[in-house]
Amino acid sequence: MNTEIIYTDFNVTKMKDILIGNYFLWSGNLYQKTSAVTLTTDVVYNASRVKAGTFHSFFDEEPVVPVKVKIEVSQGGGG
């Protein structure tokens with residue numbers, strides 16, 4: 001399996017302008033925007049940190065950098 005992050009847009013945008021399912025960089029980490037999830041009574045999580053697989057909460061006005069992620073899966077040949 002290969003993963004490629006294509007940095008096509010270095011423009012900073014606001015979290016509210018990222019579509020659900022799209023990826024973005026924040027503080028050097030890759031995140032994916034998710035539907036709002038409430039795991040506790042006080043916090044609503046709206047993004048998942050890709051490498052750690054953990055949920056995080058972002059304000060709508062938080063500045064983030066949108067990126068495109070390309071994932072290819074192919075069957076390897078066994079020899």
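Of the possible donor and acceptor atoms, one in the side chain of Ser57 sits under 3.5 Å from a partner among the backbone N and O of Val44. Counting only distance, with no hydrogens or angles, the side chain of Asn46 and the backbone of Ala36 share no donor-acceptor pair below 3.5 Å.
Annotation: Tyr31 is not in aromatic contact with Phe55 [ring centroid separation under 6.0 Å not met].
Annotation: side chain to side chain donor-acceptor pair (under 3.5 Å) contacts of Thr54 (sequence neighbours excluded): His56. Evaluation of the ring pair (Phe, Tyr, Trp, His ring centres under 6.0 Å) rule for Tyr23 yields no partner, not counting sequence neighbours.
Among residues at least two apart or in separate chains, there is no salt bridge (charged side-chain N to carboxylate O under 4.0 Å, His left out) pair with a member in residues 35-54.
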(request) Could you walk me through whether Asn11 and Val65 pass side chain to side chain contact (heavy atoms under 4.5 Å, CB included), step by step? (result) CA-CA 6 Å; Asn11 295 323; Val65 177; over 6 Å; no
Review item, side-chain donor-acceptor pairs of residues 12-21, under 3.5 Å, at least two apart:
| residue | atom | partner | partner atom | Å |
| --- | --- | --- | --- | --- |
| Lys14 | NZ | Glu61 | OE1 | 3.0 |
| Lys16 | NZ | Glu61 | OE2 | 3.2 |

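Side-chain contact check for Leu25 versus Leu30: some heavy-atom pair is nearer than 4.5 Å.
Note on Trp26 and Val67: separate hydrophobic clusters, where clusters join Ile, Leu, Val, Met, Phe, Trp and Tyr whose side-chain heavy atoms are under 4.5 Å apart, directly or indirectly.
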